[in-house]
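Only one structure is covered here, and it is reproduced in the block below.
Heavy-atom basis, side chains included; hydrogens, waters and symmetry copies ignored.
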Amino acid sequence: MKFLQEHQKTALIHEEQRISYTQLFQEAAKYASLFEAKKVAIYSENRLEWAYAFYGAWKGQCIAVPIDFMSTPEEVAYILEDCRPEVIFCSREKARDIEGVFSALSYPIQQMIFEDLPPKLAAVEAPEHPDFPEGNKDDIAMIIYTSGTTGSPKGVMITFDNILANAESVSEDVKIYTPEQRVLVLLPLHHVLPLMGTLVIPLFVGATSAFSPSMKSEDIIGTLQKHEITLFIGVPR
């Protein structure tokens with residue numbers, strides 16, 4: 001089952017940027033060309049590049065490992081040592097936070113800073129008609145780490161079949177997600193609920209996901225109004 005399919009519409013919105021499904025395919029393909037790996041970590045705030053790295057990992061048939069962007073350097077080091085991704089994508093701000101982590105790791109890791117990637121990406125020729133691979137249902141798609149409230153964080157291995165079961169339950173069994181929906185991306189994408197509910201499932205059904213620039217009330221209200229959001233996921237603050 002393909003978790004990203006071609007649609008003649010907008011896939012992602014971030015402030016004034018509108019990214020079509022074709023552009024998302026192309027960005028995922030370009031990101032996938034930057035590495036050879038089995039696991040790819042993402043340590044960053046919500047941004048378009050987060051989605052590019054995530055789908056780039058799947059395009060390259062890698063396991064995606066989202067890391068809480070509020071994790072301490074010690075927590076990041078623990079997760080990296082635990083699952084040993086060969087590549088980590090991060091924003092420049094988060095790269096500064098974990099500057100000393102890599103030298104202390106027991107294995108080498110390639111760091112990709114989003115703000116430094118445009119020259120490398122510009123040198124990659126985007127496929128005119130990109131395709132997206134089907135996920136083997138028994139393959140691990142992503143490893144989501146628990147908060148560690150009852151001990152050390154545990155890496156939960158989620159297969160493509162797990163994801164498909166969730167997606168079908170809210171798009172076919174109960175038709176919450178439809179192609180007409182415009183979904184607000186608000187909560188941090190390293191959590192499995194917003195990752196599935198505001199990115200993976202909307203794009204699976206051909207809907208549109210719009211990023212709120214922040215969790216400030218004015219940004220949330222502005223995004224809701226400007227992009228005519230029809231569905232959002234929230235939790236009590």
Side-chain angles (χ1 to χ4, degrees), residues 1-33 42 44-59 64 66 89 91 114-115 117-118 121-122 124-135 141-142 163-164 166-168 170-172 175-191 193-216 218-234:
M1 171 61 69
K2 292 184 179 181
F3 287 89
L4 193 61
Q5 302 186 55
E6 187 69 68
H7 298 278
Q8 299 303 315
K9 60 186 297 187
T10 298
L12 303 173
I13 301 173
H14 188 283
E15 298 187 12
E16 302 305 318
Q17 290 181 274
R18 290 179 173 266
I19 306 300
S20 69
Y21 274 85
T22 298
Q23 288 173 300
L24 178 54
F25 269 65
Q26 291 172 334
E27 292 297 333
K30 289 196 289 185
Y31 268 66
S33 73
I42 309 171
S44 171
E45 313 85 347
N46 287 0
R47 54 193 295 163
L48 289 174
E49 292 88 349
W50 202 107
Y52 300 158
F54 182 81
Y55 282 100
W58 282 3
K59 171 68 175 177
F89 285 93
S91 64
F114 289 134
E115 289 86 347
L117 292 181
L121 296 168
V124 178
E125 186 175 350
E128 185 177 351
H129 301 291
D131 194 14
F132 203 77
E134 293 198 22
M142 55 190 182
I163 294 172
L164 183 61
N166 273 268
E168 290 180 339
V170 291
S171 63
E172 296 180 10
K175 295 185 183 299
I176 297 172
Y177 288 85
T178 64
E180 296 75 30
Q181 296 280 23
R182 291 180 297 280
V183 184
L184 180 68
V185 182
L186 175 64
L187 301 177
L189 289 170
H190 60 261
H191 288 304
L193 174 61
L195 175 55
M196 289 292 295
T198 67
L199 188 70
V200 174
I201 297 176
L203 298 184
F204 172 74
V205 301
T208 297
S209 292
F211 287 71
S212 174
S214 77
M215 294 186 72
K216 295 178 181 177
E218 56 267 31
D219 282 336
I220 296 171
I221 294 170
T223 306
L224 289 172
Q225 293 176 333
K226 183 174 182 178
H227 302 300
E228 299 181 321
I229 299 299
T230 60
L231 189 156
F232 76 91
I233 290 174

What do the steps show when you test F3 against L164 for side-chain contact (heavy atoms from CB on, under 4.5 Å), and what is the final call? CA-CA 8 Å; F3 287 89; L164 183 61; 4.0 Å; yes
Kindly indicate, with the supporting measurements, whether the criterion side-chain contact (heavy atoms from CB on, under 4.5 Å) is fulfilled by V200 and Y55. CA-CA 9 Å; V200 174; Y55 282 100; 4.0 Å; yes
Let me see the working for T22 and E6 under side-chain hydrogen bond (donor to acceptor under 3.5 Å, both in side chains), right down to the final yes or no. CA-CA 7 Å; T22 298; E6 187 69 68; 2.7 Å; yes
When rounded to the nearest 0.5 angstrom, what distance separates CZ in F211 from CG in D219? 14.0 Å
Distance flag, aromatic centroids of Y31 and F89, threshold under 6.0 Å: yes
Looking at Q5 and K2, what are the two nearest heavy atoms and their distance? NE2-O, 3.6 Å
For residues 178-189, tabulate all N or O donor-acceptor pairs below 3.5 Å that involve a side-chain atom, not counting sequence neighbours.
{"residue": "T178", "atom": "OG1", "partner": "E180", "partner atom": "OE1", "Å": "3.1"}
{"residue": "Q181", "atom": "OE1", "partner": "T230", "partner atom": "OG1", "Å": "2.4"}
{"residue": "Q181", "atom": "NE2", "partner": "I176", "partner atom": "O", "Å": "2.8"}
{"residue": "R182", "atom": "NE", "partner": "H227", "partner atom": "O", "Å": "3.1"}
{"residue": "R182", "atom": "NE", "partner": "E228", "partner atom": "O", "Å": "2.7"}
{"residue": "R182", "atom": "NH2", "partner": "E228", "partner atom": "O", "Å": "2.9"}

Minimum heavy-atom distance A141-W58, with the two atoms named: O-NE1, 2.9 Å
Give, for atom CD of E27 and atom OH of Y52, the distance between the pair rounded to the nearest 0.5 Å. 5.0 Å
Closest heavy-atom pair and its distance - P66, L195: CG-CD2, 4.2 Å
Got a donor-acceptor contact below 3.5 angstrom from the K9 side chain to the G206 backbone? yes
Output the distance between atom CD (E45) and atom CH2 (W50), rounded to the nearest 0.5 Å. 12.0 Å
Measuring from I233:CD1 to L193:CG, what's the distance to the nearest 0.5 Å? 4.5 Å
Working note: F204 + N166, criterion side-chain contact (heavy atoms from CB on, under 4.5 Å); need CA distance, chi angles, decisive distance, verdict. CA-CA 11 Å; F204 172 74; N166 273 268; over 6 Å; no
Backbone N or O of L12 within a donor-acceptor pair of the T10 side chain at under 3.5 Å? no
Ion pair K216/E218, N-O distance below 4.0 Å: no
With rounding to the nearest 0.5 Å, note down the distance linking CD1 in I42 to CE in M142. 10.5 Å
Applying side-chain hydrogen bond (donor to acceptor under 3.5 Å, both in side chains), can you list everything that pairs with E15, at least two apart in sequence or on another chain? none
side-chain contact (heavy atoms from CB on, under 4.5 Å) assessment of Q8 paired with Y21: CA-CA 7 Å; Q8 299 303 315; Y21 274 85; over 6 Å; no
Atom pair OG/NZ of S33 and K59 - distance to nearest 0.5 Å: 10.5 Å
Note: G56 and A32 closest approach over all heavy atoms is O-CB, 3.4 Å
Looking at S44, is its backbone amide N or carbonyl O close enough to the side chain of S91 to form a donor-acceptor pair, meaning the two atoms are under 3.5 Å apart? no
Of all heavy-atom pairs between S171 and V205, which one has the smallest distance, and what is that distance? CB-CG1, 3.6 Å
Under a 3.5 Å distance rule, please check whether S212 uses its side chain to pair with a backbone N or O of M215 as donor and acceptor. no
What heavy-atom pair brings R18 and Q23 nearest, and what distance separates the two atoms? O-OE1, 3.4 Å
